[in-house]
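Beneath this line is the structure, given in structure tokens, with notes to follow.
Reckoned from all heavy atoms, side chains included, excluding hydrogens, waters and symmetry mates. Numbering of residues begins at 1 and proceeds along the displayed sequence.
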Amino acid sequence: MRSFVKHSHWLKLFLIASLAFLATGCSAEKPVSTMNQKVVITSISPLADLIKNVGGESIQVINLVPTGSDPHTYEPTPEAVRQVTGAKLFFANGVGQETYLEKLITNSQNKDLRTVILADGLEILGIDDHDSDHEEEGTHDEAEVHREGDGHDHSQGNPHLWLDVKNAQHYVKSIRDALIETYPQDQEIFKTNAENYLRELEALDQWIQEQILTIPQENRDLIVYHDAWVYYTERYGLTVLRPVVHGDESEPSAKDYAQLIELIKEHQVKAIFGEVGFNTKLVLQLAQETGIKVVEDLYNDTLGVTPETDSYIGIMKHNTTAIVTALK
């Protein structure tokens, strides 16, 4: 009888321990950090990194467009709608970058969501006021040579403002102010993080300028695949002669392709640049036919997945190093 009672006692202890383990396991499926954090949404991973550097561990940042994907073709999923439903802030780039935004917010039925347009207050470059009739006639004056286009609607202007670090600093200040207004209890954290990060970005801007200055002046012309570099080149003293893809075409016509080759030879262009998330076939073909260097992996709309490219500062350093190396 004593043996049976003793056995029952240990059985009860085992059952209690098992239940405690199961309860702990279930709660572990949802990290404590996500329960306590404030959720904010943005579109692309470079913007998400800017937000993380200001918000720190106080917030959870979700970028809707997966890292490595093309935001021009992104369509919100039901999961994206659910995520927006639970957020108080949506940081949008603006300038036509998030064409899906209005529909997404409507579908989320989140009346408390505040949308912050990060490009507000900045000068917008590349507004497409080109006369398409001239393009059909094949006239390419000097203004068009410097006009970029990537097969997407840029009637609002070029959206890639963050590739100028000064613009990225403007974004950081807007992020800081919006977070403070929405979550005033953490304002000291946001202020300190923003101040530290702005200093890092100031150093980055200076570093990029110094690196570009090492390129001989006559070598500072380049050909890029698509319209992303107008702010970068304007800030740092380079010239995009022409993109491979421009206007509303998915690929250049035979005539445009021949003009690209002529332009490369005329300006003695040293390199052509492709980008992560875009097909590099034409870039490689042009490089082969003209004998110039090719760089396939510049980053603009997305971060990378390596330790060197998984942050905004990382991709800016990667891009600059690749450009300088190819053009010297």
Legend entry - Inter- and intrachain pairs under salt bridge (charged side-chain N to carboxylate O under 4.0 Å, His left out), touching residues 110-127, at least two apart: Arg114-Glu181

Inset, instruction - Find the distance between OG1 (Thr306) and CD1 (Ile315) and round it off to the nearest 0.5 Å. - result: 11.0 Å

Legend entry - Side chain proximity check, Val61 to Phe91, heavy atoms < 4.5 angstrom: no

Inset, instruction - State, without any angle test, whether Asp227 and His160 hold a side-chain donor-acceptor pair at a distance under 3.5 Å. - result: no

Legend entry - Minimum side-chain heavy-atom gap Val230-Val240 below 4.5 Å: no

Inset, instruction - Answer yes or no: does atom CD of Gln268 have more than 12 heavy-atom neighbours from other residues, nucleotides or ligands under 6.0 Å? - result: no

Legend entry - Matching residue for Leu303 among Leu47, Asp49, Val276 - test: side chain to side chain contact (heavy atoms under 4.5 Å, CB included): Asp49

Inset, instruction - Kindly say whether Ala322 contributes a backbone atom to a donor-acceptor pair with the side chain of Thr325 at under 3.5 angstrom? - result: no

Inset, instruction - Side-chain contact test, heavy atoms from C-beta onward, threshold under 4.5 Å: evaluate it for Ile215 versus Leu238 and give yes or no. - result: yes

Legend entry - Pairwise side-chain contact, Thr302 with Ile44, heavy-atom cut-off 4.5 Å (strictly under): no

Legend entry - Whether Thr85 side chain and Ser108 backbone form a donor-acceptor pair below 3.5 Å: yes

Inset, instruction - May I ask you to check whether over 12 heavy atoms, not counting those of Glu102, lie within 6.0 Å of atom CD? - result: no

Inset, instruction - Measure from the side-chain N and O atoms of Thr280 to the backbone N and O of Val283, and report whether any donor-acceptor pair falls under 3.5 Å. - result: no

Inset, instruction - Measure the spacing between CG of Leu122 and CG of Asp164 and express it to the nearest 0.5 Å. - result: 8.5 Å

Inset, instruction - Over all heavy atoms of both residues, which pair between Ala271 and Ile292 is shortest? Give the atoms and the distance, please. - result: C-CD1, 3.8 Å

Legend entry - Inter-residue atom distance Leu101.CG - Ile117.CD1, 0.5 Å rounding: 6.5 Å

Inset, instruction - Please confirm whether the backbone N or O of Ala87 pairs with a side-chain atom of Asn110, one donor and one acceptor, at under 3.5 Å? - result: yes

Legend entry - Pairwise side-chain contact, Val40 with Leu179, heavy-atom cut-off 4.5 Å (strictly under): yes

Legend entry - Donor-acceptor pair between Thr320 and Tyr232 side chains, under 3.5 angstrom: yes

Legend entry - Heavy-atom neighbours of Glu234 CD exceed 12 at 6.0 Å: no

Legend entry - Short side-chain to backbone donor-acceptor contact, Lys293 and Ala326, under 3.5 Å: yes

Inset, instruction - Indicate whether any N or O donor in one side chain lies under 3.5 Å from an N or O acceptor in the other, for Glu308 and His318. - result: no

Inset, instruction - Sorted by first residue and then second, give each salt bridge (charged side-chain N to carboxylate O under 4.0 Å, His left out) pair with at least one member in residues 73-97; sequence neighbours left out. - result: Glu79-Arg82

Legend entry - Any Leu89 side-chain heavy atom under 4.5 Å of Val116 side chain: yes

Inset, instruction - Looking only at non-hydrogen atoms, find the nearest pair between Asn93 and Glu98 and report the distance. - result: N-OE2, 2.7 Å

Inset, instruction - Kindly indicate whether the side chain of Asn319, heavy atoms from C-beta on, has any atom under 4.5 Å from the side chain of Phe273. - result: no

Legend entry - Side chain to side chain, Leu64 and Gln83, heavy atoms closer than 4.5 Å: yes

Inset, instruction - Mind jotting down which residue pairs meet the side-chain hydrogen bond (donor to acceptor under 3.5 Å, both in side chains) criterion with at least one end in residues 195-209? Sequence neighbours excluded, please. - result: Lys166-Glu202, Gln169-Glu202, Glu195-Arg199, Asn196-Arg199, Asp205-Gln209, Asp205-Arg235, Asp205-Tyr236, Gln206-Glu210

